[in-house]
Trainee: 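Have a look at the structure that comes next, please.
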Amino acid sequence: MKTHRPIQLPTPKTIIEPFRIKMIEPIGMLRPEERVRLLAEAGYNVFKLPAEAVTFDLLTDSGTSAMSAQQWSAMMAGDESYAGAKSFYNFERAVKDLTGMRHVIPTHQGRAAESLLMKAMLKPGQIVIGNTHFDTTRANIESAGGIAKDMPCKAAADSGVIDPFKGNINTEELDSYLKENKSKVGFVIMTVTNNSLAGQPVAMGNLRAAKEIAKKHGIPFFLDVARFAENSYFIKTREADYSQKTVKEIAQEMFSLADGALMSSKKDAFGNIGGFLALNNNEVAEAVRTLMVITEGFPTYGGLAGRDLEALAVGLEEVLDENYLAYRIRSIQYFGEGIEAAGLKIVKPLGGHAVYIDAGKTLPHIPALKFPGQALSVALYEHIGIRCCEVGSVMLGHRDAKTGVEHPAPVEQVRLAIPRRVYTQSHVDYMIEMIGYLAPYLGDLPGYEFEYQAPMLRHFSARFRRC
Ligand SMILES: *Cc1c(COP(=O)(O)O)cnc(C)c1O
């Protein structure tokens, strides 16, 4: 008898979600006239729109994941004991399995872990070096009296350069800086993927080199791992010698380089809330546990319910599923390619959690101080029902308090962040189709000016008028 061999079919072009849907949530299906009215009421600020009025909410990938049936069922087993709950030990086991670290401390979200780490580690005036600090990381360094210093790699400076690991740190600069200034440096922290740099990944080779430089100068080496699984998947698919390793092995190797890590579990742990600190140093862990009682709670729950800890423990394993990661990364590339084919200018290469549109290049008729990113994000909501986030002169620029002069930001971008496991391929196809219909009208979009702005973090509460 002939042995049976399956027919070799080509690799399909269609991306499928590696899950099926058991529970649904309606999305806002409003008429354009209703969106026009809501935008005017919100002062053309999409942060002030009710979420119910949004069809595709791409404001952030943080805390917006769909949980799995396994996560929901684990939540039912949550142990809500104040101290030493079973759910803590389940969570601790999951984090230790991944990180190999001695101490696991839950927090209510990433920035709480940052705040505790900075307070426990930094002396006033000490410098913290990163590939690019995320904005809450920077704020927590500064609020603890430290100085945040970014050292992105050279390729990162040019949005046109295609480089597989644009999230890297500049190792030559790191080495020469530490040679001169090591006495002033508290520690080095690498953010994977590099959120503030369009979600670009960091290579294992770069992490290893940065670790060795830090070690040579006696400086502790930390990781900010909100998107550790996406970064590990990029290493597997883009870096020599990693294609045969599992994503979990790659993640474990990454953690083995570090003295400690902090995570916002609202990203790659599929959590709607949560975070943690994982540490090897006993004194730092003890200092954190002492500090946290004031703000986060007892060290075995850290501001979370037992059921949250259960959901996160399951999420940390699920995110390492390579079918999921292949779908995740491919679907973001597909969305970006579709937007580019529709004639808009995007930031390349595409990163791990979002598509960034270069609004400056896409709307060249709107000068920076009439906010092209604002114009595009308002138009995407008004005409398509997409809510996204301006990352340009509204968010990163500032007005001089004395002179009232507006200063632009170095980039004018719009970020379309993709929540995990939430939108389907047909949602993405629909958005691409509608962006294609909108493209011929982009030259007619108006610019904006401030009607009101707060002195800090103005993008959240600002009101605008068209000009
Ligand atoms: C989201 C994020 C944080 C902050 O975490 P929160 O859970 O939002 O407080 C810190 N670092 C990075 C890289 C992030 O993406």
Side-chain angles (χ1 to χ4, degrees), residues 47 58-65 91 95 105-119 121 128-144 146 148 150-152 156 166-169 187-202 207 222-232 234 251 254-255 258 260-278 288 292 295-296 302-305 308-309 311-312 315-316 319 328 332 351-354 356 389 391 395 415-420 457 459-460:
F47 280 97
L58 310 186
L59 202 52
T60 178
D61 65 323
S62 178
T64 52
S65 298
F91 177 77
V95 177
I105 302 170
T107 59
H108 82 275
Q109 59 184 82
R111 66 199 67 186
E114 289 169 347
S115 167
L116 291 165
L117 184 70
M118 302 315 162
K119 285 184 185 136
M121 296 270 304
V128 181
I129 301 173
N131 44 344
T132 316
H133 295 294
F134 182 62
D135 52 11
T136 60
T137 321
R138 174 181 307 280
N140 275 303
I141 293 167
E142 290 169 358
S143 136
D150 292 333
M151 286 188 190
K166 275 174 118 169
N168 283 355
I169 197 168
F187 58 95
V188 173
I189 185 161
M190 297 281 288
T191 304
V192 295
T193 54
N194 195 335
N195 187 2
S196 299
L197 255 169
Q200 299 291 333
V202 182
L207 289 168
F222 281 78
L223 298 173
D224 178 351
V225 294
R227 298 177 183 81
F228 75 95
E230 290 167 9
N231 200 84
S232 300
F234 278 120
M254 201 160 81
F255 283 110
L262 64 88
M263 178 169 190
S264 166
S265 308
K266 299 172 73 173
K267 283 72 172 235
D268 266 353
F270 298 126
N272 300 123
I273 197 72
F276 66 79
L277 266 172
V288 167
M292 73 185 292
T295 52
E296 292 292 285
L304 295 170
D308 296 325
L309 293 168
L312 296 174
L316 283 173
V319 76
R328 167 87 178 149
I332 286 163
H353 66 288
Y356 289 74
C389 184
V391 183
M395 182 196 265
R415 184 183 86 164
L416 307 169
I418 315 298
R420 295 171 180 76
L457 296 172
H459 57 289
F460 290 123

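Remember, it's 1-based here, ligands and their atoms both numbered in the order they're listed.
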Trainee: Non-hydrogen atoms closer than 4.0 Å to ligand 1: which protein residues do they belong to? List them by chain and number, please.
Mentor: Q109, G110, R111, E114, F134, T136, T191, N195, D224, A226, R227, S264, K266, K267
Trainee: Run the side-chain hydrogen bond (donor to acceptor under 3.5 Å, both in side chains) test against Q109 and tell me which residues pass, sequence neighbours left out.
Mentor: none
Trainee: My understanding is that only residues two or more places apart in sequence, or in another chain, count here; which of them pass side-chain hydrogen bond (donor to acceptor under 3.5 Å, both in side chains) with D268?
Mentor: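 If we apply the side-chain hydrogen bond (donor to acceptor under 3.5 Å, both in side chains) test to D268, skipping adjacent residues, the hits are R420.
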Trainee: Hey, which of N194, T193, D61 is the one that makes side-chain hydrogen bond (donor to acceptor under 3.5 Å, both in side chains) with R227?
Mentor: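 Exactly one option meets the side-chain hydrogen bond (donor to acceptor under 3.5 Å, both in side chains) with R227, and it is D61.
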Trainee: If we ignore angles and hydrogens, is there a donor and acceptor under 3.5 Å between the side chains of D224 and H133?
Mentor: no
Trainee: Does NZ or CZ of K166 come closer than 6.0 Å to the centre of the six-membered ring of Y356, within 45° of the ring's axis?
Mentor: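 No cation-pi geometry.
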Trainee: Would you please name every residue forming a side-chain hydrogen bond (donor to acceptor under 3.5 Å, both in side chains) with D150, sequence neighbours left out?
Mentor: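 Per chain and number, D150 pairs via side-chain hydrogen bond (donor to acceptor under 3.5 Å, both in side chains) with R138.
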